[in-house]
Amino acid sequence: MINFPNTTKTYLVLLSTDHDRDKVKEFIDATQSVDFWFFSMPYSLFINTKMSANEIFDLLENKFGEKKLFVTQIPDSSFRQGRLPKDHWQYFK
C-alpha cells in the first residue's frame, strides 16, 4: 500500500474524448504538484495531490483549452463503491 501524506487528496478527473490522452499523460507526468496518478479507464484518471479541484481544473483547462472536463475529490471510503482492479484500491486509503 502507498502511504500519502494526510494533506494529499485523491481526485477523479473525467476527460472528454476531445482530449488527447497521450498529451494529458505527458503533461501530468511533468507536473510536479501531482504526487501520483493513474488511468483506470480510458478517459478517467485518478490524481493524488495537495492541489484543490479548482487548481486541477485550471491547470488542465489552461493547458488543453475549454473542453469537457470534470474534477471531483474522492471522499472517505464509506462514500464510494465500484469495480476496479484490486491493486487500484490501495490508492484510495
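When reading the values below, keep in mind they use all heavy atoms of this one structure, side chains included, and skip hydrogens, waters and symmetry mates.
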Engineer: Look up atom CG in L59 and atom CD1 in I28, then write down how far apart they are to the nearest 0.5 Å.
Structural biologist: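 Result: 6.0 Å between the selected atoms.
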
Engineer: Could you report the tightest heavy-atom contact between M51 and Y11, atom names first, then the distance?
Structural biologist: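 Nearest heavy atoms, M51 then Y11: O-OH, 2.8 Å.
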
Engineer: Answer yes or no: is there a side-chain heavy-atom contact under 4.5 Å between Y43 and V24?
Structural biologist: no

Engineer: side-chain contact (heavy atoms from CB on, under 4.5 Å) for K25 and D22? Distances and angles first, verdict last.
Structural biologist: CA-CA 5 Å; K25 287 169 61 174; D22 290 331; 4.0 Å; yes

Engineer: Could you state the interatomic distance from CG (D20) to CZ (F27), rounded to the nearest 0.5 Å?
Structural biologist: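 Going from the CG atom of D20 to the CZ atom of F27 covers 13.5 Å.
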
Engineer: As an exercise, state the distance from OG1 of T17 to NZ of K67, rounded to the nearest 0.5 Å.
Structural biologist: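 Reported value, rounded in 0.5 Å steps: 10.0 Å.
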
Engineer: What pair of heavy atoms forms the shortest contact from I47 to T49, and how long is it?
Structural biologist: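 Answer, listing the atom of I47 first, then T49: CG2-CG2, 3.7 Å.
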
Engineer: Find the distance between CG (N48) and NZ (K9) and round it off to the nearest 0.5 Å.
Structural biologist: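 Interatomic distance, N48 CG to K9 NZ, rounded to 0.5 Å: 11.5 Å.
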
Engineer: Atom NZ of residue position K63 - does it have more than 12 heavy atoms of other residues, nucleotides or ligands inside 6.0 Å?
Structural biologist: no

Engineer: Are side-chain heavy atoms of F46 and I74 found at a separation under 4.5 Å?
Structural biologist: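 Yes, close enough: below the 4.5 Å cut-off.
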
Engineer: Does W37 reach the side chain of D29, with side-chain heavy atoms less than 4.5 Å apart?
Structural biologist: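 Yes, their side chains come closer than 4.5 Å.
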
Engineer: Could you give the distance from NE2 (H19) to CG (L69), rounded to the nearest 0.5 Å?
Structural biologist: 5.0 Å

Engineer: Over 60° means perpendicular and under 30° means parallel, so classify the ring planes of F38 and F36, tilted if in between.
Structural biologist: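 F36 vs F38 ring planes: tilted.
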
Engineer: If you round to the nearest 0.5 Å, how far is CG of L14 from OG1 of T72?
Structural biologist: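 Between atom OG1 of T72 and atom CG of L14 there are 8.5 Å.
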
